[in-house]
Amino acid sequence: GSIFIPILSCKGAGNGRCGTIDPAAVPADLVDKLERLALVDFRTKQGLACLEKAVRFAGQLHAVDTSGVEPMDSVLEDRALHLRGDAVTEGDCAEELLGLAERTVEEYFVAPPGMAEAAFMSSHQLPENHREE
Amino acid sequence: MAASCVVASELLQNTKQISMFFPKTSRFIRRISTSNLQCDKQHQLKTNSASQQLVGVVGLEIHAQINSNTKLFSGSPVRFSAPPNSLVSFLDASLPGTLPVLNRRCVEAAVMTGLALNCTINKKSLFDRKHYFYADLPAGYQITQQRRPIAVDGTLTYSFLSGKKRSQVIRKHVHVKQIQLEQDSGKSLHDDVRSQTLIDLNRAGVGLMELVMEPDMNCGEEAAAAVRELQLILQALGTCQGNMSEGQLRVDANVSVHRPGEPLGIRTEVKNLNSIRYLARAIDYEIQRQIGVVQRGETVQNETRAYDSKSGETVPMRDKEGLQDYRFMPEPNLPPLIVYEDDASLPSGIDPGQAVVVQEIKEGLPELPSVRRERLVQTYGLLPEHSFTLVNEDGLMEYFEEVMKGTRREPRKVIGWVTNELLGQLKQRDLSVSQSPISPAALAELLELQETGHISSSIAKQVYQEMWNSPGKTAAQTIQEQDLGLVSDVAQLHSICQKVVDSHPDEVCAIRSGNTKVLNKLMGLVQKETKGRADPVLVMDILKQKTS
């Protein structure tokens with residue numbers, strides 16, 4: 001499912017969706033969900049105020065009537081996608097890459113704490129192609 | 001329902017074929033309407049009459065690793081085993097400042113696969129980011145094709161052998177919803193002792209084709225047959241090597257139960273299936289488990305389950321706390337992917353290396369398994385179930401064709417040796433066709449000796465067994481050493497037949513009074529005398545003479 005923030009503010013002739021957001025009205029479970037998805041703590045008064053500002057800012061988009069107009073989702077839409085030939089040109093730099101990590105064990109990266117915790121794992125639904133080793 | 005209509009029409013098509021080979025059973029088959037022929041075993045296990053109608057519904061999500069030299073968006077190598085993190089580029093490690101560059105070979109592979117499955121190829125497809133946090137996904141997102149994949153709306157036609165003697169070829173269809181290109185993730189190894197997770201990014205960024213199959217299947221056997229056919233197709237195309245144990249082909253099954261005509265039930269996702277056999281077993285177990293749940297009046301939980309091969313059961317994998325939100329967004333670094341229908345539609349001045357042309361790929365498609373089976377039937381006059389077995393077992397078709405080159409014996413008389421004798425021995429010893437100690441030439445020699453009348457068919461079987469026991473000894477050697485050659489010396493045969501006739505006056509009487517079947521008994525006795533080496537045609541003639 002995709003996230004849909006239902007309450008937006010608008011000025012002038014929009015497509016009719018109007019309303020104002022009240023920081024206290026952001027449901028607690030929505031805040032929970034957002035925190036988990038983004039791994040950011042923002043459950044403070046400041047954090048919620050910031051959220052409200054962001055929603056208002058985005059709401060300005062509704063001031064314009066866009067019915068019948070296909071959204072532009074990439075500024076590259078008129079560019080040609082470059083195709084690369086299937087020859088090996090990189091890789092084989094384990095030492096260099098492992099050198100960037102804080103902790104390694106015998107040529108493996110070590111996942112930061114929290115990623116391996118049962119609580120973290122159970123609350124995150126892994127997507128379809130993920131293979132538990 | 002569309003699915004059951006397809007099943008019904010397949011049944012009707014098959015009744016024609018079935019009534020050709022099995023005239024008695026065709027009457028029985030016409031009486032079956034919507035119940036699925038192959039999944040009858042499910043129904044037989046039920047005791048409660050209400051639950052007799054509950055059927056399983058199976059959909060599949062398959063991830064096929066693309067057979068290419070380099071990864072989907074970077075030039076690092078694709079290889080099964082290598083030292084940890086040695087096949088990783090800066091992009092794969094998600095270092096800042098790197099950008100994805102699409103591998104042409106992966107696009108061609110996806111188009112080829114789409115064409116082989118009768119899909120519509122989207123001339124314009126798009127890439128998206130799918131966000132989630134996990135240690136083996138360094139970027140925090142996977143590049144995939146959620147909005148508009150490269151191929152949609154195809155069909156996978158598969159068959160399997162059924163019936164008491166496994167001689168009926170049942171054909172079915174599954175709707176392929178879509179094929180999309182996406183990145184593979186790295187691998188995580190959980191070290192529970194030290195409470196840490198070790199990450200190897202060698203697999204991160206490898207190109208995958210995700211194939212989504214609609215819930216048109218009803219049991220483990222169907223799903224297994226569909227996956228097997230897909231494996232054969234991908235291997236024939238060369239787009240994926242399809243080795244499930246090496247993770248080149250990963251299958252997740254969506255399983256639910258319902259009564260036909262009613263809405264679909266709640267589904268569970270079954271993962272960790274790394275062989276076709278486990279796939280079938282896991283699905284059948286899950287269907288039975290869900291039927292049990294429904295029968296008890298409980299509700300099936302929408303959850304992910306893993307298959308435990310030791311116990312043969314599916315077990316819950318993790319709790320689902322609400323649906324995951326992947327926050328899909330367009331991949332900002334990649335323009336739309338355009339493929340062209342034919343040379344005529346190419347924009348002028350385009351570099352051919354930059355254009356993927358569907359028509360060219362279509363013309364270059366190799367022989368697909370279904371075509372191959374048909375060709376074997378046409379060329380050698382084989383029965384459909386024989387050509388099915390030949391194509392289904394790796395290397396068996398090549399073996400058969402090699403044998404045919406070395407003997408003049410009719411294909412129909414050779415096929416049994418390959419699909420029964422050879423395959424039986426291989427399976428017993430857990431060997432693949434390529435590991436067979438008996439070469440096609442050696443088998444051809446044996447059959448040629450039989451064809452030219454040097455040995456009888458029962459001796460041939462004996463010699464064949466000996467060839468397995470002492471590989472390296474040719475058929476000719478064994479025949480000579482053990483004096484197994486066909487006895488065609490008329491005088492000798494006459495005297496043996498006379499002996500048998502003289503010592504069985506009752507049987508001779510029976511024959512003379514019209515019971516000719518008793519001749520077979522006398523034939524058997526003669527063969528016993530000659531240890532199976534008598535020429536059966538000659539013996540029959542002589543016996544008939546002597547008992548007339």
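These numbers come from a predicted model, not from an experiment. The chains referred to below are lettered A, B, ... by the order of the sequence lines, with proteins before strands, and numbering in each begins at 1.
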Report summary line: From the list A:L76, A:D86, A:T89, the residue making the most non-hydrogen contacts under 4.5 Å with chain B is A:D86
Requested in this report: Give, for atom OG of B:S94 and atom CG of A:L97, the distance between the pair rounded to the nearest 0.5 Å.
Outcome: 11.5 Å
Listing, residues 39-46 of chain A side-chain donor-acceptor contacts under 3.5 Å, not counting sequence neighbours, or none:
| unit_1 | atom_1 | unit_2 | atom_2 | d |
| --- | --- | --- | --- | --- |
| A:R43 | NE | A:E35 | OE1 | 3.4 |
| A:R43 | NH1 | A:D32 | OD1 | 3.2 |
| A:R43 | NH2 | A:D32 | OD1 | 2.4 |
| A:R43 | NH2 | A:E35 | OE1 | 2.5 |
| A:T44 | OG1 | A:G47 | N | 2.9 |

Report summary line: Residue from A:E96, A:E77, A:E90 scoring the most non-hydrogen pairs under 4.5 Å with chain B is A:E90
Query raised in the report: Considering only heavy atoms, which portion of B:V107 lies under 4.5 Å from any heavy atom of chain A: side chain, backbone, both, or neither?
Result: side chain
Query raised in the report: When you check the side-chain N and O atoms of A:R84 and B:S74, is any donor under 3.5 Å from an acceptor?
Result: no
Query raised in the report: Which residues pass the side-chain hydrogen bond (donor to acceptor under 3.5 Å, both in side chains) test with B:R129, sequence neighbours left out?
Result: B:Y141, B:E331
Query raised in the report: Using non-hydrogen atoms only, which part of B:N333 is less than 4.5 Å away from chain A: side chain, backbone, both, or neither?
Result: backbone
Query raised in the report: Atom CG in A:L34, atom CZ in B:R327: separation rounded to 0.5 Å?
Result: 8.5 Å
Query raised in the report: Do you know which of A:V110, A:L83, A:V88 has the most heavy-atom pairs with chain B at a distance under 4.5 angstrom?
Result: A:L83
Report summary line: In this structure, CG of A:L81 is separated from CZ of B:F127 (nearest 0.5 Å) by 6.5 Å
Report task. Please say whether more than 12 non-hydrogen atoms of neighbouring residues, nucleotides or ligands are located less than 6.0 Å from CG in B:N69. Result -> yes
Requested in this report: Working to the nearest 0.5 Å, report the span between OH of A:Y108 and CD1 of B:I199.
Outcome: 10.5 Å
**Report entry** Partner chain A: residue of B:N103, B:L95, B:L334, B:D92 with the largest heavy-atom pair count (under 4.5 Å)
**Finding:** B:N103
Query raised in the report: Can you say whether B:R147 sits under 4.5 Å from chain A via the side chain, the backbone, both, or neither, judging by heavy atoms?
Result: side chain
Report task. Pick one of side chain, backbone, both or neither for B:P330, based on which atoms fall under 4.5 Å of a heavy atom in chain A. Result -> side chain
Report task. Name the region of B:K71, side chain, backbone, both or neither, that has any atom closer than 4.5 Å to a heavy atom of chain A. Result -> backbone
Report task. Indicate the atoms forming the closest heavy-atom contact of B:A135 with A:A111, along with that distance. Result -> CB-CB, 3.6 Å
Report task. With rounding to the nearest 0.5 Å, note down the distance linking CG in A:D92 to CG in B:N85. Result -> 12.0 Å
**Report entry** Shortest non-hydrogen contact from B:Q196 toward A:V105
**Finding:** NE2-CG2, 3.9 Å
Query raised in the report: Side chain, backbone, both or neither: which part of B:L72 has a heavy atom under 4.5 Å from chain A?
Result: backbone
